[in-house]
Amino acid sequence: MLKIVDAHVHLSERSDDALLRFAKINGLSYTLEGLLQEMLRHEVAQGLLLSPPMRKGAPLPNEEILRFCRRSGGKLSPVVTVEPTTREVKAAISLAEANRKDVKAFKVRLGYVKAAADSPVFHGLYDYAESEGLPVLFHTGDTATDTGDLALSHPLTLDRVANGRPELTMVICHFGNPWFEDVAELIYKHPNVYADISGLTTGGGAYPEKFADWLARKISEAIYFAGGPEKVIFGTDYPITRHSDALDLVKRLEVEEGDKEMILWRNAKRMFGL
Ligand SMILES: [Zn+2]
């Protein structure tokens with residue numbers, strides 16, 4: 001059917017990419033060509049591309065993300081990553097402004113950077129995103145490195161931002177993993193707060209079957225609590241999670257088939273204006 005939207009994809013084609021180890025574990029080539037092939041094989045029509053972290057900690061420059069998207073033949077759309085300095089916030093807004101037709105959202109890397117979601121440094125970004133109707137994605141929960149700051153990446157840090165900004169569309173990445181119940185409350189409470197289910201399985205580990213069941217139960221329960229699947233968005237977090245594993249999670253959800261379709265593409269299409 002080729003309709004699926006993957007709202008969380010990374011790529012750099014650089015040898016100092018910090019996500020290379022996940023690509024290796026998952027047996028992925030982790031190149032633009034490899035990604036486009038995976039998308040085709042799994043009937044993913046469109047992807048939102050985000051900067052991966054480089055080994056020294058900084059994300060890949062946003063200009064390179066825009067370049068990959070231009071090379072993708074319309075398959076990938078850019079998300080601009082915003083680091084917590086006045087200069088970076090300004091640069092991100094100018095880049096979005098100059099590429100208004102292409103840029104679909106912003107991304108803030110909670111837990112990897114020193115600032116909290118409600119830090120004043122992001123006020124200008126939120127003002128701009130709000131006025132342009134561009135969603136802001138937030139990394140939340142577990143971090144890919146063991147030095148991440150979980151107090152700053154906890155999903156509940158977004159409650160205060162959402163309280164003050166009912167017009168800002170926010171996406172909680174990775175469903176706040178493992179704080180799924182907190183995220184259930186956030187998407188229930190706030191009309192403009194969504195959550196993606198990307199990056200929740202990294203392959204391997206003990207009890208993989210039990211883990212997949214547990215995860216599907218947690219997400220299903222969050223959907224029951226929130227009163228429906230309207231706020232839940234599909235994503236892989238490629239190359240961290242394989243397309244097959246991310247799609248398997250959706251298959252396992254104990255919800256109606258029509259609701260799975262909303263999660264796989266309908267919600268993202270509406271929310272990101274794709
Ligand atoms: Zn990610």
Side-chain angles (χ1 to χ4, degrees), residues 4-14 16-26 28 30-32 34-35 38-39 44 46-62 64-66 68-69 76-84 92 103-113 117 135-150 152-155 158 170-180 183 194-203 215 219 232-243 245-247 249-250 268 271-272:
I4 298 169
V5 175
D6 182 349
H8 198 128
V9 184
H10 297 286
L11 189 67
S12 78
E13 291 189 344
R14 267 170 55 164
D16 58 339
D17 186 315
L19 304 185
L20 266 176
R21 66 187 175 96
F22 292 102
K24 220 178 232 171
I25 294 169
N26 288 325
L28 298 166
Y30 195 34
T31 59
L32 178 61
L35 167 61
E38 284 296 302
M39 287 171 70
V44 176
Q46 253 174 309
L48 295 188
L49 190 63
L50 292 62
S51 289
M54 297 298 106
R55 235 177 264 136
K56 280 186 177 150
L60 182 77
N62 288 308
E64 298 202 30
I65 290 300
L66 286 160
F68 279 123
C69 291
L76 299 171
S77 298
V79 172
V80 172
T81 296
V82 190
E83 297 287 271
V103 171
K104 299 295 174 213
F106 294 103
K107 160 95 182 284
V108 170
R109 305 189 309 140
L110 297 180
Y112 295 105
V113 295
V136 180
L137 281 57
F138 294 90
H139 174 89
T140 62
D142 183 45
T143 51
T145 56
D146 54 12
T147 51
D149 191 326
L150 296 178
L152 292 177
S153 70
H154 196 287
L158 296 172
M170 300 162 63
V171 182
I172 304 172
C173 298
H174 322 306
F175 226 89
N177 178 32
W179 293 293
F180 302 111
V183 173
Y194 295 72
D196 86 28
I197 56 170
S198 71
L200 296 174
T201 32
T202 47
L215 200 54
I219 303 295
V232 180
I233 307 267
F234 175 75
T236 55
D237 208 8
Y238 173 95
I240 291 178
T241 301
R242 282 187 299 242
H243 286 73
D245 290 333
L247 289 166
L249 170 59
V250 177
M271 209 263 284
F272 292 104

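Numbers for residues simply follow the sequence, beginning at 1. All values below were derived from every heavy atom in this structure, side-chain atoms included, with hydrogens, water molecules and symmetry-related copies excluded. One-based numbering, in listed order, for ligands and for the atoms of each.
When ring centroids are compared, Tyr30 and Phe22 stay outside the 6.0 Å threshold. In this structure, Tyr238 has its ring center no closer than 6.0 Å to that of His10.
Here the side chain of Asn26 pairs a donor or acceptor atom with the backbone of Ile240 at under 3.5 angstrom.
The atom of Asp237 that is an N, O or S and sits closest to the Zn ion (ligand 1) is OD1.
For the Zn ion (ligand 1), the set of nearby N, O or S atoms under 2.8 Å includes one belonging to His8. Residue side and main chain included, Cys173 places no N/O/S atom under 2.8 Å of the Zn ion (ligand 1).
Using a 3.5 Å distance cut-off with no hydrogens or angles, the side chains of Ser198 and His174 do pair a donor with an acceptor.
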